[in-house]
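This report concerns only the one structure given below.
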There are 2 protein chains.
Amino acid sequence: MRIGELAARSDVSVRALRYYEEQGLLEANRSDSGQRHYPESAAARVQLIQMLYAAGLSSRTIAELLPCVDARVSTPESRARLAVERDRIDAQIAALTRTRDRLDAVIAFSGSPGSGCTYIADRDVAAQASHSVMP
Amino acid sequence: MRIGELAARSDVSVRALRYYEEQGLLEANRSDSGQRHYPESAAARVQLIQMLYAAGLSSRTIAELLPCVDARVSTPESRARLAVERDRIDAQIAALTRTRDRLDAVIAFSGSPGSGCTYIADRDVAAQASHSVMP
DNA sequence: CTAAAACCTGACGTTGACGTCAGAGGCAAG
DNA sequence: CTTGCCTCTGACGTCAACGTCAGGTTTTAG
C-alpha cells in the first residue's frame, strides 16, 4: 500500500510516516518512480511506534528498541534495555496513579455536602486571573 | 523563603519557578526591592504543579485546575473539569499498562529458553530485518 | 567595606515531533 | 491528452517548557 493509505489506516499523518522513516523507525520499499510502498505489517508497526511515543519515549530510544521487538534480536544488553524502559513506564504509571488519586480526592471533597462552597463568594481574583491569562 | 531556596527544596530550576509565575500558576510576595518571597506552602504547590505537568497537562490547563484544587472553589463546571482530566489520566494509565505488558511479553519471549536466540550469532541481523512484526 | 553570591528583567536559543508550503513529477480515468 | 489527486524532496514554521546569556541591583559573608 502507498503512504496515503497507511496514514489513513494508522490514523497518523503522511508527514509523520515520512518522519518515522527519517528517524529509522519505519522502512519502505520504493517503486521505480520513488514512491514508498508498505506491506500490510507496516500498520502494526506504526501502531507500536505510536504506543511507544505515547509512553514518552523519544525517536532515538524507539529506534534502539524496535530491532529487539521486531527482529527478536536478543542479547543481555537488549533485554536490559527493554527492561529499563519497562521500568520507566512502571514508574510513570505509579506517578500517574498518584496524580489521579489526588484529583479524585479533590473531586470528592469539593463535591461532598458541607464543603460549603458551591459558589465563588470571596474573591473575584480566581475568575479574573483565569481570563486574563488568555491573550 | 526566596526563589533559590524554593527551587532547591522543590528540585526545580529558578527559571522554571519564574515561568510558573508568568503562567499564573504560582504567585509570590515581593519585597521592597522586588525580590520574590514564598510561604512554606509554596513547596507543596510546586510539587502539585510538577505532578500535573508530568501527567501531560499544559500550563493553561493547570492554570484552570489549580484554583479548584487549592482554593476549593467548587462549581458543577469546575468539578466536571477536574473529572475530565482525571479520566484523561485514567486513559493514559490504561494505555501505558498495555505498552508495558507488550514490552513484558517481548522480554519474556526473548529471554525464554528455546527462543533460539539467547545471544547474537550473526552480526548482520539488522540488515535482513525487513518483515515480521509482532502478532 | 567589599567581594561573592543571589536576585531582577528582558530577550534570544533549544529540542522534538511534527505542520505547512513550494515546486516538480507520477498515475488512473474520461 | 488532460484533469485531478497522490506523491516526492527540501526547507522553513510552530509550540511548550524551559535554558542561557546580558547587564544591572540586592543581600550576605568575611
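So that the names make sense, note that chain A is the first sequence line, chain B the second, and so on, each numbered from 1.
Looking only at distances, a side-chain donor or acceptor of A:Thr97 sits under 3.5 Å from a matching main-chain atom of A:Ile93. The backbone N or O of B:Thr75 sits less than 3.5 Å from a side-chain atom of B:Ser78, completing a donor-acceptor pair.
Partners of A:Tyr53 under the ring-ring contact (aromatic ring centres under 6.0 Å, His included) rule, at least two apart in sequence or in another chain, are A:Tyr20.
Here the P atom of nucleotide D:dC6 and the CD atom of A:Glu5 are 12 Å apart, to the nearest Å. Nucleotide C:dC8 holds its C1' atom 8 Å from the CZ atom of B:Arg30, rounded to whole Å. Distance B:Glu22 CD to C:dA11 P: 12 Å, rounded to the nearest Å. Rounded to an integer number of Å, the gap from CD of A:Glu21 to C1' of D:dC8 is 11 Å. For the pair A:Asn29 CG and D:dT7 P, the interatomic distance rounds to 16 Å; values are reported in whole Å. In this structure, B:Arg18 atom CZ and D:dC21 atom P are separated by 14 Å, rounded to whole Å. One can place CD1 of B:Ile62 at 7 Å from P of D:dA17, the figure rounded to the nearest angstrom.
The two residues B:Gln92 and B:Ala55 come nearest to each other via the heavy atoms OE1-O, 3.2 Å. Of all non-hydrogen atoms in A:Leu65 and A:Arg81, the two that sit nearest each other are CD2-CG, 3.6 Å. Across every non-hydrogen atom of B:Met1 and B:Pro39, the tightest pair is CE-O, 3.7 Å. When all heavy atoms are compared, the tightest approach of A:Val46 to A:Ser10 is CG1-CB, 3.6 Å.
No hydrogens or angles considered: a donor-acceptor pair under 3.5 Å links the side chains of B:Gln35 and B:Arg2.
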Reading nucleotides 12-19 of chain C from the 5' end, what letters show protein touch, with B for base, S for backbone sugar-phosphate only, - for no heavy atom under 4.0 Å? -----BBB
Taking only nitrogen or oxygen atoms into account, show me every contact under 3.5 Å that the protein makes with nucleotides 25-29 of chain D, one pair per line with its distance.
residue : atom : partner : partner atom : Å
D:dT26  : O3'  : B:Ser33 : OG           : 3.2
D:dT27  : OP1  : B:Ser33 : OG           : 3.0

